Protein chains: 2
Amino acid sequence: MDQNTDDVRRKRPPERDLDAMDRKLLGVLVEDATTSYAELGERVGLSPPAAHERVKRLRRSGAIRRVSALIDPDAVGKTLLAFVHVDTTGWGKTQALLAIEECPEVEEIHSVAGDTCMLLKVRTESTHALEGLLARLYDTPGVKATRSYVVLSTYLERPVQPGTTSDWPAVVKG
Amino acid sequence: MDQNTDDVRRKRPPERDLDAMDRKLLGVLVEDATTSYAELGERVGLSPPAAHERVKRLRRSGAIRRVSALIDPDAVGKTLLAFVHVDTTGWGKTQALLAIEECPEVEEIHSVAGDTCMLLKVRTESTHALEGLLARLYDTPGVKATRSYVVLSTYLERPVQPGTTSDWPAVVKG
DNA sequence: TCTTGTTGCTGAATTTCATTCTGCAAAAAT
DNA sequence: ATTTTTGCAGAATGAAATTCAGCAACAAGA
């Protein structure tokens with residue numbers, strides 16, 4: 001309820017670098033953000049107010065962007081997932097980009113290095129709806145071509161993890 | 001704290017189809033899951049316990065997969081995002097897939113239709129770490145080839161939205 | 001049509017938890 | 001060495017989650 005009351009969206013350098021305690025807190029909160037501060041503290045070895053204090057800081061600093069309910073796409077009818085590569089004529093905040101941002105089916109827009117300009121992650125209710133989106137894209141000035149990769153099945157999908165490379169056991173090959 | 005106490009992960013058909021009220025609730029909770037039931041109810045036109053009841057059902061049915069703190073990748077040092085297309089020799093739950101699932105840098109694994117078998121979303125701390133991952137991939141039996149798309153900048157990144165096509169204003173072209 | 005059971009709601013009551021406050025101790029700065 | 005700051009614990013407070021009766025609308029069945 002008080003999340004980002006002061007509307008801190010701008011990227012500011014974290015007041016202090018995240019320490020191991022912060023990472024542990026993040027680890028728990030990524031898995032289940034409804035964890036009470038009592039349990040949270042217990043898990044990481046802090047008193048409830050101390051845990052609260054650190055989480056508040058993590059929110060202020062922007063390390064925690066927001067707390068969100070993650071929805072099952074199927075439950076809301078979004079049964080089709082696709083990645084769409086888009087060749088455009090310009091770069092940066094182009095007309096095309098602005099137009100694409102308006103499409104509710106589009107979940108992600110990235111500019112990528114490689115043989116294409118934009119990479120879109122798109123969810124629709126049907127192949128027909130995807131066709132509709134593609135039609136809209138082609139009608140957008142600045143869009144040269146698109147190539148779509150329709151997802152057949154998703155094997156893994158997890159949120160951003162707080163772990164750093166040194167946390168993971170090194171994979172030792174024979 | 002009580003989320004999924006009975007460990008309901010299995011996909012069960014939603015007890016009942018989501019109605020407009022459920023979608024509104026989801027809409028609010030996706031934006032900010034820390035919203036109190038008092039405010040939540042007010043926003044959608046329900047009493048706090050009624051809102052609570054429906055949210056509980058949404059969790060039980062799996063429509064809400066989990067409530068999670070969304071982390072800023074930069075804050076935890078994951079400054080590099082890439083999409084990696086992987087050609088493999090087999091399909092389904094292959095050895096290669098199992099191996100890839102173990103990589104903490106990999107956020108998503110999809111099997112896609114198109115000129116490649118797997119599509120990975122990958123976050124690392126550096127290009128060097130990406131190279132390390134790719135090296136590991138190439139060492140995995142069943143991996144034939146990979147092609148990487150390094151993200152230069154991300155323009156949009158939003159969670160799964162509850163809205164359905166009919167909610168969006170139709171884009172009328174001249 | 002009337003009955004009966006079910007569903008989903010409201011408003012009040014209860015309990016749990018978030019949040020604040022007051023020291024306190026260790027570390028950092030001067 | 002002294003002061004200031006930082007981060008924490010424990011108690012106190014306030015707010016919110018959760019539970020608990022009713023109640024009304026609706027559905028199923030006689």
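We name chains A, B, ... by the order of the sequence lines, and we start the count at 1 in each one. Quick caveat: nothing in here was measured; it's all calculated off a predicted structure.
- Aromatic ring centres of B:His110 and A:Tyr149: separated by at least 6.0 Å.
- The CD-P distance, from B:Glu42 to C:dC9, rounds to 17 Å in whole Å.
- Relative to the side chain of A:Ala50, the nucleotides C:dT20, C:dG11, D:dC8 differ in distance, and D:dC8 lies closest.
- Using a distance-only test at 3.5 Å, with no hydrogens or angles considered, no donor-acceptor pair links the side chain of B:Thr164 to the main chain of B:Asp167.
- The nucleotide whose nearest atom lies closest to any side-chain atom of A:Ser36 is, among C:dC17, D:dA17, C:dT10, C:dC17.
- Of the charged side-chain nitrogens involved, none lies within less than 4.0 Å of a carboxylate oxygen, so that B:Glu102 and B:Arg136 do not count as a salt-bridged pair.
- At D:dG7, one or more side-chain N or O atoms of A:Arg57 fall inside 4.0 Å of OP1 or OP2 (strictly under the cut-off).
- The distance between atom CD of B:Glu39 and atom P of D:dA15, rounded to the nearest whole Å, is 15 Å.
- Checked against D:dA9, C:dT10, D:dG7, the side chain of A:Arg54 finds its nearest nucleotide in D:dG7.
- Look at B:Glu39 and B:Arg43 and you find a salt bridge, because one of the NZ, NE, NH1 or NH2 atoms lies within 4.0 Å of a carboxylate O, short of that distance.
- Listed candidates were D:dA17, C:dT19, D:dA9. Nearest to the side chain of B:Tyr37 is D:dA17.
- Within the 4.0 Å cut-off from OP1 or OP2 of D:dT19, at least one side-chain nitrogen or oxygen of B:Lys56 is found.
- Distance, A:His52 NE2 to D:dA9 P: 15 Å, rounded to whole Å.
- Residue-level contact check: B:Pro49 touches the bases, meaning some heavy atom is under 4.0 Å from a base atom.
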